[in-house]
Colleague: 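Pasting in a structure now, in structure tokens, and then I'll have a few things to ask.
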Amino acid sequence: MAMATISALYPNEPGSHFDGDYYRDRHTPFATRLLTPFGLESVRSLYGVASLDGTPPGFWAISEMVFKSRQAFDDAMAQCGEELFSDIRNYTSVTPLLQESEQVDS
């Protein structure tokens, strides 16, 4: 089975907020503890700094979670998704966009 990368993108919507310290220090370790037993292999988070024209970034943050398979991610969400998503209000006012991605090496 192929690895599955699930990306969580947090849009920088007008009037929204994102607490990067909470996300790094509390949410990511919490999510890692919850999801590792279900096949989470790694997590990488990127914080938006600015668009290339100097305006605010389009996304507050982008987080990539690598799972053993898409089924592993689905099983994790079925078991602990509600608990995981209930923490979102502690660090942001936006709903993350989730997508499955595939790494392409050139």
Colleague: Could you check I88 against T95 for side-chain contact (heavy atoms from CB on, under 4.5 Å), going step by step and ending with a plain yes or no?
Modeller: CA-CA 8 Å; I88 291 174; T95 300; over 6 Å; no

Colleague: Can you tell me how far CG of L98 sits from CG of L9, rounded to the nearest 0.5 angstrom?
Modeller: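 Answer for the CG-CG pair, L9 versus L98, is 8.0 Å.
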
Colleague: Sequence neighbours left out, what passes side chain to side chain contact (heavy atoms under 4.5 Å, CB included) with E13? Give chain and number order.
Modeller: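 Result, side chain to side chain contact (heavy atoms under 4.5 Å, CB included) vs E13: P11, S16, V94.
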
Colleague: Work out which heavy atom in P29 is nearest to a heavy atom in D25; give both atom names and the distance.
Modeller: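 Answer, listing the atom of P29 first, then D25: CG-O, 3.5 Å.
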
Colleague: Taking all atoms of both residues into account, what is the closest heavy-atom pair of F38 and A72, and its distance?
Modeller: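 Minimum heavy-atom contact is O-CB, 3.2 Å.
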
Colleague: Under a 3.5 Å distance rule, please check whether N12 uses its side chain to pair with a backbone N or O of G58 as donor and acceptor.
Modeller: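 Judged by distance alone, no pair lies under 3.5 Å.
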
Colleague: In this structure, are over 12 heavy atoms from other groups packed under 6.0 Å from Q99 atom CD?
Modeller: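 Atom CD in Q99 is packed in, count exceeds 12.
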
Colleague: Begin with the C-alpha distance, continue with both residues' side-chain angles, and end with the deciding distance and a verdict on side-chain contact (heavy atoms from CB on, under 4.5 Å) for F30 and E83.
Modeller: CA-CA 10 Å; F30 170 65; E83 185 177 6; 3.7 Å; yes

Colleague: So how far is it from F85 CZ to M77 CE, rounded to the nearest 0.5 Å?
Modeller: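 Here the rounded value is 5.5 Å.
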
Colleague: Do Y10 side-chain atoms and I62 backbone N/O form a donor-acceptor pair below 3.5 Å?
Modeller: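 No, the answer is negative, given that no donor and acceptor are paired below the 3.5 Å cut-off.
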
Colleague: Indicate yes or no: at least one non-hydrogen side-chain atom of D19 is less than 4.5 angstrom from one of T92.
Modeller: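 In short, these two side chains do not touch, never coming nearer than 4.5 Å.
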
Colleague: Do P57 and V49 have side chains that approach each other closer than 4.5 Å (heavy atoms only, starting at C-beta)?
Modeller: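 When only atoms from C-beta onward are counted, V49 and P57 do not touch, as no gap falls below 4.5 Å.
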
Colleague: With a 3.5 Å cut-off and no angle check, do the side chains of Q79 and D75 form a donor-acceptor pair?
Modeller: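 No, because no side-chain N or O of Q79 sits under 3.5 Å from a partner of the opposite role on D75.
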
Colleague: In Å, rounded to the nearest 0.5 Å, how long is the span from CH2 of W60 to OG of S93?
Modeller: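 Going from the CH2 atom of W60 to the OG atom of S93 covers 8.0 Å.
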
Colleague: Would V43 and Y22 show up in the same hydrophobic cluster when neighbours are defined by side-chain heavy atoms closer than 4.5 Å?
Modeller: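 Cluster IDs for V43 and Y22 match.
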
Colleague: Look at the side chain of T55 and the backbone N and O of S51, then say whether any donor-acceptor pair between them is shorter than 3.5 Å.
Modeller: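 Not at all, since once roles are kept as given, no pair shorter than 3.5 Å links the two residues.
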
Colleague: Can you see whether D87 engages Y23 through a side-chain donor-acceptor pair at a distance of less than 3.5 angstrom?
Modeller: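 Judged by distance alone, the side chains do not pair up.
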
Colleague: Working to the nearest 0.5 Å, report the span between CZ of F67 and CE of M3.
Modeller: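 One gets 11.0 Å once the value is rounded to the nearest 0.5 Å.
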
Colleague: I need the H27 NE2 to S63 OG distance, nearest 0.5 Å.
Modeller: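 So the gap between those two atoms works out to 7.5 Å.
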
Colleague: Between S101 (side chain only) and I6 (backbone N and O only), is there a donor and an acceptor less than 3.5 Å apart?
Modeller: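 No, S101 side chain to I6 backbone: no donor-acceptor pair under 3.5 Å.
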
Colleague: Once the angle between the rings of Y91 and F18 is folded into 0 to 90°, is it parallel (under 30°), tilted (30 to 60°) or perpendicular (over 60°)?
Modeller: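 Ring orientation of Y91 relative to F18: perpendicular.
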
Colleague: Please check if atom CZ in R24 has more than 12 non-hydrogen atoms from other residues, nucleotides or ligands closer than 6.0 Å.
Modeller: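 It does: R24 CZ has more than 12 such atoms within range.
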
Colleague: Starting at CE of M65, measure out to OG of S7 and round the result to the nearest 0.5 Å.
Modeller: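 Between atom CE of M65 and atom OG of S7 there are 7.5 Å.
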
Colleague: Can you give me the closest heavy-atom contact between L35 and L84, atom names plus distance?
Modeller: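 Scanning both residues, the minimum pair turns out to be CD1-CD2, 4.1 Å.
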
